[in-house]
**Q** 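Below is the structure I would like to discuss, written out as structure tokens.
Because the structure is predicted, anything quoted here is derived from the model rather than measured. To find a chain, count down the sequence lines: A is the first, B the second, and so on, and within it residues start at 1. Side chains are part of it too, since the values below use all heavy atoms of this structure and drop only hydrogens, waters and symmetry mates.
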Protein chains: 2
Amino acid sequence: MSEIPTPSLKSPAAAFSPLYKQIKDLLVHSLHEGEWKPGESIPSELELAARFQVSQGTVRKAIDELAAENLLIRRQGKGTFVATHHEAQVRYRFLRLKSDSEGNAARAQSVYLQCARQRATQDVARVLLLRGSDSVIYIRRIMSFGTVPTVLDEIWLPGDAFKGLSIEKLQAMNGPLYGFFETEFGVNMVRADEKLKAVACDAETAGLLNVEQGTPLLQVNRVSYTYGDRPMEIRRGLYVTEHYHYRNGLN
Amino acid sequence: MSEIPTPSLKSPAAAFSPLYKQIKDLLVHSLHEGEWKPGESIPSELELAARFQVSQGTVRKAIDELAAENLLIRRQGKGTFVATHHEAQVRYRFLRLKSDSEGNAARAQSVYLQCARQRATQDVARVLLLRGSDSVIYIRRIMSFGTVPTVLDEIWLPGDAFKGLSIEKLQAMNGPLYGFFETEFGVNMVRADEKLKAVACDAETAGLLNVEQGTPLLQVNRVSYTYGDRPMEIRRGLYVTEHYHYRNGLN
DNA sequence: TAGTGGTCTAGACCACGTT
DNA sequence: ACGTGGTCTAGACCACTAG
């Protein structure tokens, strides 16, 4: 078998890449191209095995890893599906804020304050891999649980990938922002890195979140990535953690 | 094959447990019993396959999952080893605090303030699965990076499992606390859950961490577990996040 | 050279969901 | 009944480490 040869570059200490990794890369490429959209099913393991001229087991191992990374979701008896931010189970996948008491019964509700097109600052451009001349979209919003304002988010998006995004569309939308990005712009966030700090609430934020100036807030700086580790969003959140906490599992 | 029969209970909707899961449970049991100690190698896949009367592939799948959960570490050509908190790569595995600037060059140094035996409070007893009459060990310490005090930890341990722990031993020890727990008490922490909040520094803590009272601190409430999800530690940390942050990867 | 984990295959059968 | 993913097997060969 193995139509796909091990790496063509025969450099000394040639990088060895197992077949299933190559299959994995091909699958990620197809995902990024949009061959299968979020929520849809991908071809069956046997079909993919035939397409790539490998055994079912090899395809299986590739899919296993992609499922472990939450790019795909396996459903026994039904098929394998492209992960989406729309489904109930995984909505707000990246939001780790939980109520101290109950299991987060109160539904999140967002109010959008601002949506503007700007030149990328140096910091933003560097992280999003843009040039200084490129434009970014800047968004500001408040998330409330029940009626209590809890999170102030500032968001930066690369202008090219999110053409036509306006505050009207944001206000009309409901449900998770990442789901909206999927269906409206074909951008599926797959992974994110966060850096957390405790900071004091400044005067403007105090007004927006309805807390005293100086109140300790949890500052969450996030960079989100699509397929292939392409950075597509910067987000800075300020969380009021009086009745909520950020949960995290370590292993 | 399959000496180990599928579940003996034939209740309606009988719980189906695949062979490799059963093997996995047997391996975890052996780990908990201390058949193989942290840092040691476990038997080869073929040996285990012979022992359990299954194929190598089934053992492999069990080990794969345990490696993914960081209970075991695979090393090609050498063997499979019991994970330990001692090795350089994984030391301070559960400490997510990083320097804002460099890659955490400064070495962590701990000063132990207190180590006392107490009756378990109701909250502590509930989480550690103790009775109210059981004793717990309470520890307080300060961690510094370079010379800057950065973390104030309060720790509660079940008294039974940590008999003989004293402040002298803590002060004599260096390196990570979890490594010390391994070698001195045979308790290997494997997983932890954390809840984070931003809080204001109180007067006493201000003195200890050398910051102004009211400074925002990152409060990290952790519960750590050994093999088999047995809770073995409660830890409340207060982090000064002026020059450090808590990093987290989401997927 | 021998032993370990890592990859790949081919085929059988099971569990689940749909038709 | 059929098609999907899930489990299990047996065997071949590869890559890495060590003596």
**Q** Taking the minimum atom-to-atom distance to the side chain of B:Phe16, which one of C:dA15, D:dA10, C:dG5 wins?
**A** C:dA15
**Q** Provide, to the nearest angstrom, the distance between the OH atom belonging to A:Tyr20 and the P atom belonging to D:dA15.
**A** 14 Å
**Q** Round to a whole Å and report the spacing from CD of B:Gln56 to C1' of C:dC8.
**A** 13 Å
**Q** Who is the Watson-Crick or G-U wobble partner of D:dT7, with both distances under 3.5 Å?
**A** C:dA12
**Q** Roughly how far, to the nearest 0.5 Å, is CG of A:Asn248 from CZ of B:Phe94?
**A** 11.0 Å
**Q** Please state how far atom CD in A:Glu47 lies from atom C1' in D:dT4, giving the value in whole angstrom units.
**A** 11 Å
**Q** Could you state the atom-to-atom distance from CD of A:Gln53 to C1' of C:dC8 in whole Å?
**A** 15 Å
**Q** Rounded to the nearest 0.5 Å, what's the gap from CZ on B:Arg96 to CG on A:Leu250? Could you check?
**A** 5.0 Å
**Q** D:dT7, OP1 or OP2 - any side-chain N/O from B:Lys61 closer than 4.0 Å?
**A** yes
**Q** Check every atom of C:dG5, D:dG5, C:dT9 against the side chain of A:Leu19 and return the nucleotide holding the closest atom.
**A** C:dT9
**Q** Let me know the distance between CZ of A:Arg74 and P of D:dG3, rounded to the nearest Å.
**A** 19 Å
**Q** Could you walk me through whether A:Asp193 and B:Arg247 satisfy the salt bridge (charged side-chain N to carboxylate O under 4.0 Å, His left out) test, starting with their C-alpha distance in whole Å, then the side-chain angles of each, then the deciding distance to 0.1 Å, before giving a yes or no?
**A** CA-CA 7 Å; A:Asp193 285 324; B:Arg247 66 164 177 77; over 6 Å; no
**Q** If the cut-off is 4.0 Å, is A:Thr80 near the phosphate of D:dG5, judged by side-chain N/O to OP1 or OP2?
**A** yes
**Q** Can you tell me which residue among A:Tyr225, A:Tyr227, A:Phe181 is in a side-chain contact (heavy atoms from CB on, under 4.5 Å) with A:Met189?
**A** A:Phe181
**Q** Atom CD of B:Glu45 and atom C1' of D:dT9: how far apart are they, to the nearest Å?
**A** 15 Å
**Q** Taking only N and O in the side chain of B:Arg60, is any of them less than 4.0 Å away from OP1 or OP2 of C:dG5?
**A** no
**Q** Need to verify one output field. Residue with the more 5' nearest nucleotide on DNA chain D, A:Asp64 or A:Gly77?
**A** A:Gly77
**Q** Quick one: B:Phe81 CZ to C:dT4 P, roughly how many Å, whole number?
**A** 11 Å
**Q** Are any of B:Lys78's side-chain N or O atoms less than 4.0 Å away from OP1 or OP2 of D:dA18?
**A** yes
**Q** Using the side-chain heavy atoms of A:Gln76, tell me which of these nucleotides is nearest: C:dG5, D:dT4, C:dC16.
**A** C:dC16
**Q** Nearest-Å distance, CG (A:Leu72) to P (D:dG6)?
**A** 11 Å
**Q** Take atom CD of A:Glu40 as the centre, draw a 6.0 Å sphere, and report whether it contains more than 12 heavy atoms from other residues, nucleotides or ligands.
**A** yes
**Q** Looking at every strand, decide which applies to A:Arg75 at a 4.0 Å heavy-atom threshold: base, sugar-phosphate, or nothing.
**A** sugar-phosphate
**Q** Report yes if a side-chain nitrogen or oxygen of B:Thr58 is closer than 4.0 Å to either non-bridging phosphate oxygen (OP1 or OP2) of D:dC8; otherwise report no.
**A** no
